[in-house]
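Everything on this sheet refers to the single structure shown next.
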Amino acid sequence: MKWTKKDLLDLESLNREEISMVLDTARSFREILDRPVKKVPILRGKTVVNMFFEPSTRTSASFDMAAKRLMADTVNISPKTSAVQKGETLLDTARNLEAMKIDLVVIRHMSSGAPHFLASRIKSGVINAGDGQHAHPTQGLLDMFTMREKRGQLEGLNVLIVGDVTHSRVARSNIHGLIKMGARVSVCGPSTLIPMGIQDLGVKVYYDLDKAMAEADVVNVLRLQLERQKKGLLPSLREYSQLFCVTEDRLKKAKPGITVMHPGPMNRGVEIEPAVADGASSVILDQVTNGVAVRMAVLYLLSGGEGSLSEAIKKEA
Amino acid sequence: MKELKIQKTEGRIIIKNGRVIDPANKRDEVTDIVLNDGKIESIGKAGDPDPKAQVIDATGLIITPGLFDMHVHFREPGREDEETIETGSRAAAAGGFTGVACMPNTTPVVENQGIVQLVKSRQTAYCGIYPVGAVTKGLECQELAEMGDMFHAGAVAVSDDGKPVTNSNLMRRALDYCRMFDIPVISHCEDTFLSADGAMNEGALATRLGLRGIPNAAESSMAYRDAQLAALTGGRLHIAHVSCAETVDVVRQAKRRGIKITAETCPHYFTLTEEAVKGYNEMTRVNPPLRGKADVQAILEGLKDGTIDCIVTDHAPHSHEEKEVEFDQAPTGMIGLETSLGLCWTNLVETGVLTPSQLVEKMSLNPRGILKIGNNKLEIGKPADLTIFDPKAKWTVEPEEFFSKSRNTPFKGFNLTGKTVMTVLEGNIIRS
Ligand SMILES: [Zn+2]
């Protein structure tokens, strides 16, 4: 099978084979990260532009590192340095980048659909690094990669997503990806943070965390934006943490060997107890490492992925 | 700029063999209309043909009192780059409208008699222009605008359209005050707390697309409030651009109770559902948003049973630059004057929801009746104000061909049946 898509915009538009292909490719790249020289010349001569309209340390560093590991040239644009501050439109920004003959654009944007907007108007490949509350496909992929690594397979796995599902692109990408791969997904959180019609995506909804955790093999804890309280979505953070914080106590009552994940950055003590975040069940740091491998795979596939992968990764820098 | 031809009428013109639909006179028959110096001389089989008369063969065409759109935005004064009264009135004439009511949310706002006069003074030979004045000064919902003065200068209604009158006490005063002039208060119903930051209809699709949703209740709850205030004051309330089932129900119940309430909807609310938003098509971003299938069904029923009195376009031109941005950053609104008749004929008449005569009621008789503008029926001796269209003409929507200055329509490429052939305004024949 060959990769045919120009862009990676969301996981909804990928089929099962394409998802497997990214995950399998990422496994080959994962091993490079343990070598003393962590570089292969796969994207030499290609240019990757990271456009982050929304602040992000983790994801932008991960993409930048992934591109550098493949020896691409990278350009990082943040809102502070970009002409967007001066009133330039997203379309103008894109056209200018295109005129500089770049190969791939990684974009994070506060508007849902912004990467789709860009992708339909430029020839370069577009990778969505998070758009509004819509999708964060590479996060979804790295979560699946980590689950597969820890649990063997995704088919039949019970995954619980806890927290602010309404505003979470991570949750949406997890849901679409996991269901396609045969996992069962449930969500749990305060009813004001569970969006209307989420059941239509094929998930089960819980409002009681203890009940929800009873069946889970994996619990993926979402970050709570603390200003949700001010917006009237929650009475208090204290009440939130009593109802929805993943604590050691709750973990003890769950299935033995349950895996705990978090996309970061964490509010320790609000959505996750420090002892859980740093405990034996946690794979949070593995997610970070795997994120680089998954993004290397995505960059490789979208840039044409020519030749045999095993040959390519044998080459040293 | 594209031109429309205007033929001044002198002497006799015989429009032969057209199907004349004139609901106010309960007329629907194939016959002739004779114009003499721009006035209607006779309706009925023309006897001895006047050898000097110009004959227009209207076989297969429908002739109605001129269509009227009581809800358009022509952007003048202030945003002449998007539309002017001149370009907007050309689009109106091309779409079959002989009159439009222009909403006051221009820059400056139509909030005093001077600006009402300014808008009226820009009237062209293509289309009658009827200004709507603001309810509150600057549309700021703080103080009432000079509604009486504006009425005397020619305003046919008042509205803060684009925004709701959030202060219910001010809305009560407006309805009460307007009783003195017997003009309607046109309400853009939107509870802005409920619609806050929303970009599309609330529901499973918005969840999937990651766009913030606007629930039906944002519209219907305010429609209910306003119906209660109309009952309290006895004022005339007109609900703008009804988009959802619950609002249709509010209007239906209020009418049953004898409240002075009328309502309008737009072609996009019975032609499209929220599904059109998929792919983040900025052209489909409107306020209120496109709704679900059940809402479309309710709108169709509301049109059929008379709950919804009028069809308007809410013609809202936006420049290409402003519209071609991220979906949730795009301004709301689409243009509609040149697609309205085709969409209505295709989706309401061909499907049997409305009879041709009922469609003419909603596009000509009722809006003129609500705004108390004459020429809503064919009368011997009066200047001719007619729309002539071909109900069988099949055409494809090509925005590049529009007379409007803007191109923001989601209907590009749609295949429609029914197209305007000519309009007759004050006896003058306008065609493209
Ligand atoms: Zn409005």
Side-chain angles (χ1 to χ4, degrees), chain A residues 9-13 51 53-54 84 87-95 107-121 128 130-137 165-173 175-176 179 187 193-203 205 231-233, chain B residues 191-218 244-246 273-285 289-295 318-332 407-408 410 412:
Chain A
L9 302 178
D10 49 46
L11 295 186
E12 200 178 355
S13 53
M51 290 210 295
F53 291 85
E54 225 181 42
V84 173
E88 187 174 80
T89 64
L90 178 58
L91 186 60
D92 281 333
T93 308
R95 282 187 182 139
I107 175 175
R108 163 161 298 185
H109 199 287
M110 45 297 220
S111 291
S112 298
H116 296 68
F117 175 89
L118 206 58
S120 64
R121 286 161 177 88
N128 182 0
D131 63 328
Q133 50 195 49
H134 171 235
H136 193 351
V165 178
T166 293
H167 300 93
S168 175
R169 51 199 176 208
V170 175
R172 285 170 179 74
S173 285
I175 291 167
H176 285 301
I179 288 177
V187 297
L193 294 177
I194 301 289
M196 191 178 269
I198 190 84
Q199 294 89 341
D200 291 18
L201 303 186
V203 305
V205 176
K231 293 200 168 162
L233 291 160
Chain B
D191 181 323
T192 50
F193 291 104
L194 284 171
S195 65
D197 304 323
M200 69 172 292
N201 186 40
E202 184 168 290
L205 186 62
T207 292
R208 200 177 271 262
L209 293 174
L211 292 170
R212 287 182 202 199
I214 301 174
N216 290 3
C244 64
E246 292 83 347
T273 66
E274 59 175 1
E275 294 288 309
V277 177
K278 275 185 180 168
Y280 303 94
N281 179 2
E282 311 83 53
M283 296 303 176
T284 62
R285 182 152 193 232
L290 299 174
R291 304 289 191 181
K293 276 200 194 85
D295 296 298
H318 288 295
S319 69
H320 184 64
E321 290 69 30
E322 275 177 302
K323 220 29 177 172
E324 203 183 13
V325 294
E326 302 85 319
F327 188 87
D328 59 4
Q329 305 296 312
T332 58
R407 299 285 174 265
N408 52 308
K412 183 183 163 90

Check: Relative to chain B, which segment of A:Gln199 carries a heavy atom at a distance below 4.5 Å: side chain, backbone, both, or neither?
Finding: neither
Item checked: Part of A:Arg172 within contact of chain B (heavy atom distance under 4.5 Å) -> side chain
Item checked: Distance, nearest 0.5 Å, that separates OG of A:Ser112 from CZ of B:Arg208 -> 14.0 Å
Please examine the side chains of [Y] and [X], heavy atoms only from C-beta on, and report whether any two atoms are closer than 4.5 Å.
X: A:Leu91; Y: B:Glu324; result: yes
X: B:Phe327; Y: A:Ser111; result: no
X: A:His167; Y: B:Arg212; result: yes

Notebook entry, point to check: Should the pair A:His116 and B:Tyr280 be assigned to parallel (<30°), tilted (30 to 60°) or perpendicular (>60°) ring geometry?
Noted result: tilted
Check: Picking from B:Leu205, B:Thr207, B:Asp328, which has the most non-hydrogen pairs under 4.5 angstrom with chain A?
Finding: B:Thr207
Notebook entry, point to check: So which heavy atom on B:Ala204 is nearest to which on A:Gly197, and how close?
Noted result: CB-O, 3.7 Å
Next item on the list: Carefully, step by step, assess B:Glu326 and A:His109 under the rule side chain to side chain contact (heavy atoms under 4.5 Å, CB included).
Entry: CA-CA 10 Å; B:Glu326 302 85 319; A:His109 199 287; 2.7 Å; yes
Check: Taking NZ, NE, NH1 and NH2 as the nitrogens, is one of them in B:Glu282 or A:Arg121 under 4.0 Å from a carboxylate oxygen of the other?
Finding: yes
